[in-house]
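Notes follow once the structure below has been shown.
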Amino acid sequence: MYHELNDKANKDQRTGLFNHSYLEEKLDEYIKLYREEGKSFSFAMLDLDDFKKYNDLHGHPQGDKLLSFIGSIIKEECQSHEFVCARYGGEEFAIIMPGLDKNKARMFINQLRKRINNSPFDGVDVLPHGCISFSAGVMEMNSDTFEKSQLVGFSDRAMYISKSKGKNVVTIYGEQTYLPQLFEHEINELEQQIRVFLSKDVYTFKHSKRVYSYAVDMAEVLGLCEEERRMLILGALIHDIGKLEVPREVLNKRAKLTSDEWELIKKHVTFGKEFLLATGKYADLVPLVELHHERYDGNGYPHALKGTEIPRLARMLCIIDSFDAMTTERPYQRTKSFHEALDEMRRCTGSQFDPELVVPFIRYIEGRIEQGDIPEEALQAMEQQQNQEA
């Protein structure tokens, strides 16, 4: 009875595949195996093409039969390889493929796609492709992937690219240029959100905009691919969103913070993570929001991660965020000049900052100084500090 109940709890009754909850548990297991034992795997998200149209034409009972039919094919194909396959929700499916790199994973998903294309089923001739089809995105686990929300988010984004290419296509995450019009829309959307959310804290809003501006330039300096560029830029824009949960009097306090107040400030990274996971749309940005205060030497927060345990883009964001915080007026810290801030960054190289990433950032800032390109707010803050000291 226990095994029967456990099986029911883990299975999607309509398709016979595992359900969403079970898939997430297995993802945690495989991520742990990757980190501790180096066991590689790839992950894929599949979405049936034009399923709503089929449902509208033939009714939900027939649509359920189609889902069950597809589920049986996916299960049969995955069982022989000992892959984990699940119904993720609605007409979406997900597959964990242990031991496969991204290219072999794409080959497997393509074979599955062709088999489903060639499987007859009542009423599918009305669909645009004249057969059952799906669009898919594939992501290979790597050292910069911090948690399962990224795997799901990146695979889902690659799947979206497959849809944009005409559907019935498999795309590997990172191999397709990100859609520029969608990226621009996301920037505008996030900017409007933080403008509203951070209206109680003008400093944090302006700080986020400056960090965003630095991130745009550093994405170019580092030669990031489109997906990494998107992550760094959007992550920079929204990295302090968790501060909306911190009381205004704590954020704007000019006297030294108490230990309790400092602990509350530190929680903004966790608040930000929870906000993104709750909304779901930008869950792939969680590592930058949650980890931009981790230090290279392991003395940061919230997890005290060390070195390359911290995703590369989060290490970059830490550098950018720290530099802007040092060079603009803050309630509880003296403003530094650009030169003073660069000296501090050199001193903290290898401790707070990634020694490889801080070098191109310092070069970039030195170039801006030579060109006289210092943000007006930074100049005003330094002048105000000098006047106060005088």
Side-chain angles (χ1 to χ4, degrees), residues 144-147 149-150 190 194 197-198 201 203-215 218 231-247 250-253 256-277 282-336 341 344-358 361:
D144 277 333
T145 305
F146 180 63
E147 62 177 19
S149 64
Q150 280 184 288
L190 280 181
I194 65 168
F197 291 146
L198 298 176
D201 180 15
Y203 167 80
T204 300
F205 173 70
K206 291 182 177 180
H207 165 68
S208 297
K209 289 299 297 291
R210 290 191 301 271
V211 172
Y212 156 79
S213 178
Y214 287 135
M218 284 309 298
M231 273 198 71
L232 181 61
I233 291 172
L234 295 185
L237 193 57
I238 204 171
H239 73 285
D240 272 343
I241 192 69
K243 285 187 176 178
L244 68 92
E245 294 292 334
V246 180
V250 176
L251 288 173
N252 297 324
K253 184 177 179 180
K256 185 177 180 180
L257 297 174
T258 66
S259 58
D260 287 343
E261 288 169 339
W262 175 237
E263 288 303 315
L264 184 57
I265 287 281
K266 286 163 66 176
K267 285 183 180 177
H268 80 276
V269 295
T270 305
F271 295 149
K273 171 187 177 178
E274 291 169 352
F275 174 82
L276 291 185
L277 291 179
Y282 295 104
D284 57 319
L285 302 180
V286 162
L288 280 82
V289 171
E290 185 184 16
L291 306 177
H292 67 275
H293 283 292
E294 296 286 358
R295 290 169 53 110
Y296 197 75
D297 60 8
N299 291 319
Y301 63 88
H303 302 299
L305 300 179
K306 185 176 182 180
T308 55
E309 292 176 346
I310 310 164
R312 181 169 178 255
L313 296 184
R315 303 197 302 267
M316 186 69 249
L317 183 55
C318 171
I319 293 169
I320 297 171
D321 178 56
S322 300
F323 179 81
D324 184 74
M326 286 189 280
T327 55
T328 51
E329 184 184 9
R330 289 197 292 176
Y332 46 85
Q333 186 166 310
R334 177 186 176 276
T335 304
K336 288 180 169 61
E344 180 75 4
M345 301 197 88
R346 292 186 186 97
R347 188 179 68 80
C348 295
T349 295
S351 55
Q352 184 174 356
F353 306 122
D354 182 321
E356 291 186 9
L357 291 176
V358 79
F361 182 77

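As the structure is a computational prediction, the values presented were derived from the model and not from experiment.
- How far OH of Y282 is from CG of L190: 4.0 Å, rounded to the nearest 0.5 Å.
- With respect to V211, the side chain to side chain contact (heavy atoms under 4.5 Å, CB included) criterion is satisfied by exactly one of D240, I233, D321: D321.
- Minimum heavy-atom separation, A341 to T327: CB-CG2, 3.5 Å.
- In this structure, the side chain to side chain donor-acceptor pair (under 3.5 Å) partners of D354, at least two apart in sequence or on a different chain, are R315.
- Atom CD of E356 is surrounded by 12 or fewer heavy atoms from other residues, nucleotides or ligands within 6.0 Å.
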Determine, step by step, whether V286 and L291 satisfy the side chain to side chain contact (heavy atoms under 4.5 Å, CB included) criterion, reporting the C-alpha distance in whole Å, the side-chain angles of both residues, the deciding distance to 0.1 Å, and the verdict.
-> CA-CA 8 Å; V286 162; L291 306 177; over 6 Å; no
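- Across L257 and V250, no two heavy atoms sit closer than the pair CD2-O, 3.9 Å.
- Minimum interatomic distance between R347 and S351 (heavy atoms only, all atoms of both residues): O-OG, 4.4 Å.
- At least one donor-acceptor pair closer than 3.5 Å links the side chain of T349 to the backbone N or O of M345.
- Taken from CD in E294 to CG in N299, the straight-line distance is 10.0 Å, to the nearest 0.5 Å.
- For residues 303-312, the set of pairs meeting the side chain to side chain donor-acceptor pair (under 3.5 Å) definition, not counting sequence neighbours, comprises E290-H303.
- Exactly one residue among K336, K206, R210, H207 makes a side-chain hydrogen bond (donor to acceptor under 3.5 Å, both in side chains) with T328. That residue is R210.
- Once rounded to the nearest 0.5 Å, the distance linking OG1 of T258 with CD of E263 reads 9.5 Å.
- Although no hydrogens or angles enter the test, the distance criterion places no donor-acceptor pair under 3.5 Å between the side chain of E245 and the main chain of F271.
- Between H293 and Y301, the ring-plane angle classifies as parallel under the 30° and 60° cut-offs.
- Between L264 and P247, the shortest heavy-atom contact is CD2-CD, 3.5 Å.
- The shortest side-chain heavy-atom distance between P287 and K273 does not fall under the 4.5 Å cut-off.
- Here the CD1 atom belonging to I241 is positioned 5.0 Å from the CD1 atom belonging to I238, to the nearest 0.5 angstrom.
- The OH atom of Y296 lies 10.0 Å from the CD1 atom of I319; values are rounded to the nearest 0.5 Å.
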Stepwise side chain to side chain contact (heavy atoms under 4.5 Å, CB included) test for C318 and R295 = CA-CA 8 Å; C318 171; R295 290 169 53 110; 5.8 Å; no
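- Scanning all heavy atoms of the two residues, the minimum distance from D284 to Q150 falls at O-CG, 3.9 Å.
- The ring-ring contact (aromatic ring centres under 6.0 Å, His included) search around F361 returns F323, Y364, not counting sequence neighbours.
- Separating the CG atom in L305 from the CG atom in D297 is a distance of 12.0 Å, to the nearest 0.5 Å.
- The pair E261-K253 meets the salt-bridge criterion, since a charged nitrogen lies less than 4.0 angstrom from a carboxylate oxygen.
- Contact detail for S149 and L277: the closest heavy-atom pair is CB-CD2, 4.1 Å.
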